[in-house]
Number of protein chains: 4
Amino acid sequence: MVASHPAPLSPVGEEDSAKRRQILDGARKVFLDLGFDGASMGEIARAAGVSKGTLYVYFTDKSALFESIVEQEKLEQGKAVFNLDPERDAVTTLGEFGRAYIQLLCRPGGGSAIRTVMAIAERMPDVGKRFYEAVLAHAIRQVATYLDARVAAKELEIKDTELAAAQFMMSCQATLFQPFIFQAKPTPTRAEIDKVVDSAVRMFLAAYRI
Amino acid sequence: MVASHPAPLSPVGEEDSAKRRQILDGARKVFLDLGFDGASMGEIARAAGVSKGTLYVYFTDKSALFESIVEQEKLEQGKAVFNLDPERDAVTTLGEFGRAYIQLLCRPGGGSAIRTVMAIAERMPDVGKRFYEAVLAHAIRQVATYLDARVAAKELEIKDTELAAAQFMMSCQATLFQPFIFQAKPTPTRAEIDKVVDSAVRMFLAAYRI
Amino acid sequence: MVASHPAPLSPVGEEDSAKRRQILDGARKVFLDLGFDGASMGEIARAAGVSKGTLYVYFTDKSALFESIVEQEKLEQGKAVFNLDPERDAVTTLGEFGRAYIQLLCRPGGGSAIRTVMAIAERMPDVGKRFYEAVLAHAIRQVATYLDARVAAKELEIKDTELAAAQFMMSCQATLFQPFIFQAKPTPTRAEIDKVVDSAVRMFLAAYRI
Amino acid sequence: MVASHPAPLSPVGEEDSAKRRQILDGARKVFLDLGFDGASMGEIARAAGVSKGTLYVYFTDKSALFESIVEQEKLEQGKAVFNLDPERDAVTTLGEFGRAYIQLLCRPGGGSAIRTVMAIAERMPDVGKRFYEAVLAHAIRQVATYLDARVAAKELEIKDTELAAAQFMMSCQATLFQPFIFQAKPTPTRAEIDKVVDSAVRMFLAAYRI
DNA sequence: AATGAATGAGCTTTCATTCAT
DNA sequence: TATGAATGAAAGCTCATTCAT
């Protein structure tokens, strides 16, 4: 009874109590698998191993829980670091980046955050916008910055590096991302990714290398 | 009750009675605006101008109705004809095509079939797959066929025309489609589309023109 | 099949379908017995002999159903006609009226609308106010009008007949209404009512008769 | 767990520990403002500045807490002393009393114990009955006792002083208490109270003064 | 004694579906 | 065929209550 009260702070007080984590983990799976409407609070409670009531101790309502999930995915995917060392040459760097990027987008195991957010964007525009900015636009800006450096290094000649970055990133998705998200093909293999990314790098450099 | 139930045939002789059309038209709008879960049979009935009961005369349940809508969109968008005359040169043809394609993807006014199908693909993989095949893969094949012709005509040199087609089509979406579908930016203007598609055409031809 | 569709109009269309009546009857009992918060839609459905869903076909929500009950009670109690013939003398008329009035206020069988509305008036001020106006204030005005006539007939001398009317009506309630509503005594008997009302009439006339 | 539970006595030695008081004070406000059903144990805990768990240390359940509040109000309002000095003349005494009584009944600021108890009386008849006895009937008895004295002093002539007391007290409420409790009019002003009470006194004395 | 985390029953409400007509 | 009345299962959410500390 001495030091028995070391941590029992209020659940909401701590930004990241164990229970909160537990709920987020359960909710993540359910939301990403079933979408916002398809997921029920009951199922989330079951997945998280807590009672329905407990959900509402930590999150005001279903939307708040969902937005926390998106926020978390946003942070996690947004901080995916790519090796975009401005000194390195474009062939290697873009190739490496492309492979990492596609693997991020086409993560195996169902439940894609991108799909889930896209699906709800019409009804929760802010959620969609913030996710896009933090993840997709953020990645584009990183690549654009790298391209700026290579332009300065006289390896490339590009007017609009942000557009070019986006072009490259979209090219890398060719035949991979859409079939994946539409469930038309399984998660792309390493070999498929290599082939497509290599081709994208070739096309990109054929167009922009000095 | 005597001979009034000739057989559990489709409600009317023709596969596409006026009522059926009416229902599909109403349902289309509601499903594309609100998604599968967001749409309610009541709202669909109202939009279609029929009673809720009638919905079940023509479609066994909500899923069947939804799949019919997707089927219809599939057929309609699948037959969106692009002028891919194999005789025409690549600059003009790809430019025109690219603009038309982006306008198809980024149609103003909410209700996007692509988003709606994408959203449900995890829970209805067949629906997603069939839609992808009939619309997106089909468009890729059309472009690939055109590219085959231009390769044969010695204008282009491409190993894998299907991959190249997809690359081009994805490049055209750069900075346009994703922000649009995530509600991060408004429907792209004509000028924006022109700029992006022109750049995609330039990049593509710089890489693949002989 | 000829004249088989004579009446199946929309439930809400008819202001007073049988089902609607059935629901109101069930809801009346439950609301008046348990109050707004104490009554549950499930119990109301059971009392009305319909499913919970049906409740919402006829009434938008619990409040709307409650307000309909209050409205109904208002109309019913508001149109309780008292014989306030301006020609009749005050002793008889006020005595008769007083007895009828107390019997209205202290109706046997539990479930008092007055109590129920009073209880919710703080949270639904409009409901409270409208009920008061239509039932209590309306009765006061009727009596005041009668008193005006008796003043004109030189039987009484009263400055403020509305206040006098209210005084008389409150006097009639002495030792009857409050114990009744607080459940401190059972419904008053005829004899008790007679005694109290007679006394109120005597007091009133001793004060106001010319 | 050894000797830490001396016995299931009341939480503390004194019947009215500071904590208990604190809870009662918080609960009073919430119950009187929102009624029994409208008040939640959470809100009560917040208002009292204790945890929800503590509520259950001092009171077995919500009903017990509520009944304690009513008990407390009963005691407090029951001991509201009115200057009913049997030596003083009726005009002054009844006038003073009437004003004080109406001010007690029509206290500004929502939270009326009378309304709250009345509201629940059907479901908690004992609570209602005890409150009526201790507050309303008690006040009537006080006035009746005063009237007895004035009858003995030959100022008044009254057969049933308890009935007369109640008559007077109800007359004082005319046009004031009911509109107030139904939220049909705001808290009566001092001037309004004066006017009504003066009139009630006049009527009463016109009828009962020798 | 006091807490606050956790629960689960129960609430209001919605909605896909059925069925008599 | 077409209807709309009716349903009941299940949703999101609240809250009185319990319990380990």
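Computed from heavy atoms alone, side chains included, the values below leave out hydrogens, waters and symmetry copies.
Side-chain atoms of B:Lys52 and base atoms of F:dT3 include no donor and acceptor less than 3.5 Å apart. The base of E:dT17 has none of its N or O atoms less than 3.5 Å from a complementary donor or acceptor on the side chain of B:Lys62.
For the pair B:Gly42 and B:Gly53, both in contact range of DNA chain E, the more 5′-proximal nearest nucleotide belongs to B:Gly42.
Ion pairing of C:Arg123 with C:Asp37 is present here, as a side-chain N (NZ or NE/NH1/NH2) and a carboxylate O approach within less than 4.0 Å. Ion pairing between a basic and an acidic side chain is recognised when a charged N comes within 4.0 Å of a carboxylate O; A:Arg130 and A:Glu67 show such pairing. Using a 4.0 Å cut-off between charged side-chain N and carboxylate O, C:Arg20 and C:Asp25 make no salt bridge.
A donor-acceptor pair under 3.5 Å is formed between the side chain of B:Gln22 and the backbone N or O of B:Ala48.
The distance from atom CG of B:Leu55 to atom P of F:dG4 is 12 Å, rounded to the nearest whole Å. The separation between A:Asp37 atom CG and E:dC15 atom P is 10 Å, rounded to whole Å. Remark: P of E:dT12 and CD of C:Glu43 are 10 Å apart, rounded to the nearest angstrom. Atom CG in D:Leu65 sits roughly 15 Å away from atom C1' in F:dC15 (whole-Å rounding). Rounded to whole Å, atom C1' of F:dG12 lies 16 Å from atom CZ of A:Phe59. Taking atom CZ of residue D:Arg20 and atom P of nucleotide E:dA2, one finds them 13 Å apart after rounding to whole Å. As a whole-Å value, the separation of A:Leu34 CG from F:dA10 P is 16 Å. When the P atom of E:dT12 is taken as reference, atom CZ of C:Phe66 falls 13 Å away, rounded to whole Å.
Each of E:dT12, E:dT17, E:dA6 was ranked by its minimum atom distance to the side chain of B:Met41; first place goes to E:dT17. Proximity note for A:Val57 (side chain, C-beta onward) versus E:dG10, E:dT7, F:dT7: the nearest is E:dT7. For B:Tyr58, counting side-chain heavy atoms from C-beta on, the closest listed nucleotide (F:dT3, F:dT1, F:dA11) is F:dT1. Counting only heavy atoms from C-beta on, C:Val50 has its side chain closest to F:dT7 among F:dT7, E:dT14, E:dT7. Which of E:dG4, F:dA2, F:dT17 sits closest to the side chain of D:Ser51 comes down to E:dG4. Among F:dC13, F:dT7, F:dT17, the nucleotide with an atom closest to any side-chain atom of D:Asp61 is F:dT17.
Using a 4.0 Å heavy-atom criterion, one finds that B:Thr54 contacts the bases of the nucleic acid, with or without backbone contacts as well. Within the 4.0 angstrom heavy-atom criterion, only backbone atoms of the sugar-phosphate kind lie near A:Ala39; the bases stay farther away.
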- Item | side chain to side chain donor-acceptor pair (under 3.5 Å) between C:Arg21 and C:Gln72, intermediate numbers included | CA-CA 11 Å; C:Arg21 265 256 65 74; C:Gln72 169 186 273; 2.7 Å; yes

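Within the structure, every side-chain polar atom (N or O) of A:Tyr56 is placed at least 4.0 Å from both OP1 and OP2 of F:dT14. The phosphate of F:dT1 (OP1 or OP2) has no side-chain N or O of B:Lys19 nearer than 4.0 angstrom.
Residues A:Glu43 and A:Leu34 meet the side-chain proximity criterion, which asks for heavy atoms closer than 4.5 Å.
Atom CG of A:Leu24 and atom NZ of A:Lys29 lie 15.5 Å apart (nearest 0.5 Å).
Of the residues B:Phe131, B:Phe31, B:Phe59, the one that meets the ring-ring contact (aromatic ring centres under 6.0 Å, His included) test with B:Phe66 is B:Phe31.
Listed by first residue number, the stems of DNA chain E with at least three Watson-Crick or G-U pairs below 3.5 Å are E:2-21 with F:2-21.
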